[in-house]
Each structure stands twice: as C-alpha cells, then as structure tokens.
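What follows is one structure encoded as structure tokens, with my remarks underneath.
Sequence lines set the chain letters: A, B, ... in the order given, protein chains first and strands last, and positions in each chain run from 1.
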Amino acid sequence: MNKTLRKTGITFVEVCLAFLILGLVVLPVFQFLTGSVKDTERFYTETIAISRAKFIMDSLMFQMPWQAIGAGNPCTFEDRKNVTGIKAFIKKAVPQMFGTGCETPDVDIFQGDGLYQCRKGFMFRARVKVVDLDQDSSGAPIQFTMDLPGKTRQYFQIKDLVPKDSYGKYNLMKKIVVQVKWSNTKNVDPKDDPRANSIFLVAFKSDLEG
Amino acid sequence: MRRNSGMAVVLVLVFAFSIATIFAFMASSNTNLAYQNKQTLYQMQAYYLAHSAMQHAKLKIRLLPKELYEYFAAGGNGNPLEDIDSTDHVQLAMGVFRTEQEGYDLFDPAKSPDLSFPYGGKYLVESIGLTGSHKSMKMIQDGYRVVVKSEVDSGVTKQGSDELIEEMIVSRFTGGIK
C-alpha cells in the first residue's frame, strides 16, 4: 500500500521542472507588466496632449475673435477694439488654454505659450504660432477668382475687398499651428527633456467678422 | 498508476499557455490603443482642414455674394468656388508629407519656417449649389449648399480625410451669413 502511494505522488524532479517552466513564463510576464504600466502612462499623456491641442484649436477656430489673435511665434491675444466682453473672455480663456506662463507685463495682453501640469504630475507645454496670410506676406498672396459664363475670369485681391485691419494689414486669413509638447517623466518640463514628444494641429482661420 | 506521472508538468504547461494567451491579448490591445491615438490625431487634423475649407468658402461667399449669384443666374453649373483649393495657393499648400517634416518644432524657430507644415494635406470645395433665392423680401437672400473635403498625409498608414456639408443663407448686398 505504501509503495502504491509513493508512485501516485509528484516526484521531486517533476516539481523542479514545473518551477523551472513557471519561472520561464513568469519572468517575461513581469517584464511585460512593467512595460505595460509604462505604456499605459504613455497613452495617458498622449491622450491628454491630444485633448489639450483640440481644446486650444477649437477655441481659436470657433471662439476667439479674429481681431484678437496677433501673429507671431508664440502668437499674442489682445482685444484691439477695446470691447469689454472680449477683454474678459481673453483674460479667462487664454490661461485655461495654455496654463501658466501665458501672461505678459501688460495685463490685457497674453501670449500663446504656457505650461500645464496634469494631476498625475506630467508636464505639457503648449505653443501656438500664427502667420498672417495678408496681401504683402507673399509674392503670390491669396486671391479670389470668379468665372462668369461668357465673360473673362475676374480676379479679386485682398486689398480690393477689405480695408486695412487694426494691425495695418490687408488680411483675411491666418495660419494657425498648435504644438503640444510633453515629457513622459513626471515633474519634468518638456523643454528640458530631449526625449519629449510632440503633436501638432494646423488650421486656417478666415475673417468672417469684419 | 504510471499514467499519473508527469501531471505537474502538464498542468504547468496548460497554466503557462493560458497566461501567455492572456498577455498576448493584452499586448495586442495596447498596440491597438497606440494606433487609435494616432488615427484620432490624423482624423482631427482632417476635421480642422475641412473647417478651414468651409471658413475659406464662407469668406468668398460673403465677399462676393453678387458675383456668386450672377454665376448661377447666368446658367453656370460648375463650381464657382474651385479656387478654394489649398493646393492652388502657395501659403496654404501643405503638399505631400516629407521626412524633414518630422523635425518640425515651434520651440525652435529654425525648425518651423512660415511656409512649412508639420503635416502634408489639402482641402478643397467639392461643390456649391444655389438652393433658393428670396427676391420678394426687402433684403435679397440666397441659399447655398456647400460641400468641402480635406485630406491629411503624414506618411504610410498615417492618413485621414473628412467631408463637411453646410447649408447657408447669404444676404446678397451685405454678405451676412446665417
């Protein structure tokens, strides 16, 4: 009877072999888990960056008044028509879009550049470049054409269609580029991280207000 | 009795195979997430290009409402907004994606000159149609239906496209759009 019981048990060699196989499997699993946590944080930061870029571009394309966006890298935000509501909007909206660092010595002027830190401690730098696509900005500025049936093609230049704006330019379109740069290491400013990641959004805003 | 020998190894192999399957699934799920994040970005870029096209179209419509109406009144049945095409304007032409665009960086002005872009892409007005004209009112108003399209190219498998359709009413004398 005792002899039979010994035969049905697990031998020492089997246990050792089982542990060896288990170890071989568990080791890459742990490596995978560590990598997975890092990947999750990477996707998290990328998602935050995408949503921040979208928030900024939505605000600039659909909410910020045309005349309040000044060209530059970084661009500026300033109400040049002294409308109280627009001034209040800029003061509230721009710090929400860019975080800290978008203020300038003039309390009514903000710049399109700032630093934002999420709850988990990752830092995101957002910057916006605006280029005026005005009459004098290029040797081949934007113009409009019209082909009336039976007539020769008509050409309309910007300077024929609108007066100069508050910046002294014949301008109807602005090129907007949004960049959000971030570090995948907590509490590190992306401008100090050579391995920082970036995403971009590009759009062209037309003057539909004048 | 001999049939039970080696059961531990079999059990561990089954267990190991199960774990490997679960983690392989998780790995592929993570890869999908990375791909989806990228696709979201390119699709979003196409969305803003489509809105850029629509704003560009509205700009022409409100600046030249009389000319636009006259085009349709004279029997024009083509696309009077065919010049709203980013490839026809030097400053709007994003072109096709080139490797050097990967280095685009607003934080380094040398890497972000005015005529360069971080993406390749284009937009255009595909069609515009006069849907109606209200002549009996004090302020003459024309209705238009505009279709715009956009494409983004940031390399192989990094592409997106979008289409926008809007109907609008334009005051022919003032160019006001509702």
Side-chain angles (χ1 to χ4, degrees), chain A residues 4 7-8 10-11 14-15 17-18 21-22 24-26 29 32 36 39-40 43 46-47 50 53-54 57 61 73-74 125 127-129 131 133 137-142 144-150 154 156 161-162 172-173 175 177 179 181 191 198-208, chain B residues 1-2 4-9 11-13 15-16 19-20 23 26-27 30 33-34 37 40-41 44-45 48-49 51-53 55-56 58-60 62-64 67-68 70-71 74-76 78 80 82-83 86 89-92 94 104-107 109 112 114-115 117-119 121 123 177:
Chain A
T4 311
K7 278 185 180 176
T8 56
I10 299 167
T11 66
E14 280 177 345
V15 170
L17 198 59
I21 295 171
L22 200 60
L24 286 174
V25 172
V26 167
V29 164
F32 173 80
S36 197
D39 276 351
T40 306
F43 300 141
E46 196 172 51
T47 307
I50 290 173
K54 178 173 169 40
M57 190 56 102
M61 280 294 279
N73 180 15
R125 231 171 225 290
R127 178 171 280 209
V128 173
K129 175 178 180 174
V131 181
L133 308 181
S137 62
S138 164
I142 292 165
F144 298 96
T145 59
M146 186 61 77
D147 285 310
L148 285 179
Q154 292 175 278
F156 299 90
L161 296 167
V162 287
L172 285 170
M173 290 184 82
K175 169 184 163 183
V177 184
Q179 178 173 359
K181 195 172 189 174
K191 74 177 181 185
S198 282
I199 58 154
F200 301 90
L201 287 175
V202 181
F204 302 97
K205 185 179 173 79
S206 296
D207 180 9
L208 301 174
Chain B
M1 292 304 168
R2 294 292 296 167
N4 283 343
S5 69
M7 273 305 285
V9 176
L11 282 173
V12 165
L13 279 175
F15 179 66
I19 289 182
F23 280 91
M26 283 170 73
N30 259 359
L33 197 59
N37 258 355
T40 302
L41 184 64
M44 199 182 287
Q45 178 54 68
Y48 286 114
L49 279 188
H51 275 281
S52 302
Q55 287 196 7
H56 195 166
K58 283 179 180 173
L59 183 66
K60 180 170 178 180
R62 66 180 288 274
L63 288 170
L64 303 169
E67 288 79 0
L68 192 61
E70 283 171 354
Y71 173 88
E82 67 181 359
D83 59 327
S86 65
H89 303 275
V90 176
Q91 294 167 306
L92 309 177
M94 296 168 77
Y104 191 92
D105 189 0
L106 291 184
F107 295 91
S112 51
D114 284 357
L115 281 178
F117 293 89
Y119 297 105
Y123 70 69
I177 291 179

Between [Y] and [X], is there a side-chain heavy-atom distance shorter than 4.5 Å?
{"X": "A:K175", "Y": "B:F117", "value": "yes"}
{"X": "A:F200", "Y": "B:Q45", "value": "no"}
{"X": "A:M173", "Y": "B:Q55", "value": "no"}
{"X": "B:E82", "Y": "A:T145", "value": "no"}
{"X": "A:T47", "Y": "B:T40", "value": "no"}
{"X": "A:K191", "Y": "B:F107", "value": "no"}
{"X": "B:S112", "Y": "A:N73", "value": "yes"}

### Query
Of the listed residues (B:G121, B:A53, B:A74), which shares the most heavy-atom pairs with chain A below a 4.5 Å separation?
B:A74
Does any backbone or side-chain atom of [X] lie under 4.5 Å from a heavy atom of chain A? Answer side chain, backbone, both or neither.
{"X": "B:Y71", "result": "both"}
{"X": "B:H56", "result": "both"}
{"X": "B:L115", "result": "backbone"}
{"X": "B:Y123", "result": "side chain"}

### Summary
Taken to the nearest 0.5 Å, the spacing of A:R125 CZ from B:L106 CG works out to 13.0 Å
### Message
Return the CZ to NE2 distance between A:F204 and B:H89, rounded to the nearest 0.5 Å.
### Response
10.5 Å
### Query
Do B:D105 and A:K181 pass the salt bridge (Lys or Arg N to Asp or Glu O under 4.0 Å) test, and can you show the C-alpha distance, the side-chain angles, and the key distance before you say yes or no?
CA-CA 9 Å; B:D105 189 0; A:K181 195 172 189 174; 3.2 Å; yes
Provide the closest heavy-atom pair for [X] versus [Y] in the form atom of the first, atom of the second, distance.
{"X": "A:L201", "Y": "B:M44", "answer": "CD1-SD, 4.0 Å"}
{"X": "A:S137", "Y": "B:Q91", "answer": "OG-NE2, 2.5 Å"}
{"X": "B:G75", "Y": "A:P149", "answer": "C-CG, 4.5 Å"}
{"X": "A:F43", "Y": "B:N37", "answer": "O-ND2, 3.6 Å"}

Is [X] close to chain B through its backbone or its side chain, or both, or neither, when contacts mean heavy atoms under 4.5 Å?
{"X": "A:V131", "answer": "side chain"}
{"X": "A:S138", "answer": "both"}
{"X": "A:V15", "answer": "neither"}
{"X": "A:L17", "answer": "side chain"}

### Query
Quick one: is the NZ or CZ of B:K60 closer than 6.0 Å to the six-membered ring centre of A:F156, and within 45° of its axis?
no
### Chi angles and distances behind the side-chain contact (heavy atoms from CB on, under 4.5 Å) call for A:V202, B:Y48
CA-CA 7 Å; A:V202 181; B:Y48 286 114; over 6 Å; no
### Query
Looking at A:V128, A:I142, A:L161, A:I21, which one has more heavy-atom pairs under 4.5 Å with chain B than the rest?
A:I142
### Message
Please determine whether side-chain contact (heavy atoms from CB on, under 4.5 Å) holds for the pair B:D114 and A:K129, giving the CA-CA distance in whole Å, both sets of side-chain angles, and the decisive distance to 0.1 Å.
### Response
CA-CA 9 Å; B:D114 284 357; A:K129 175 178 180 174; 2.8 Å; yes
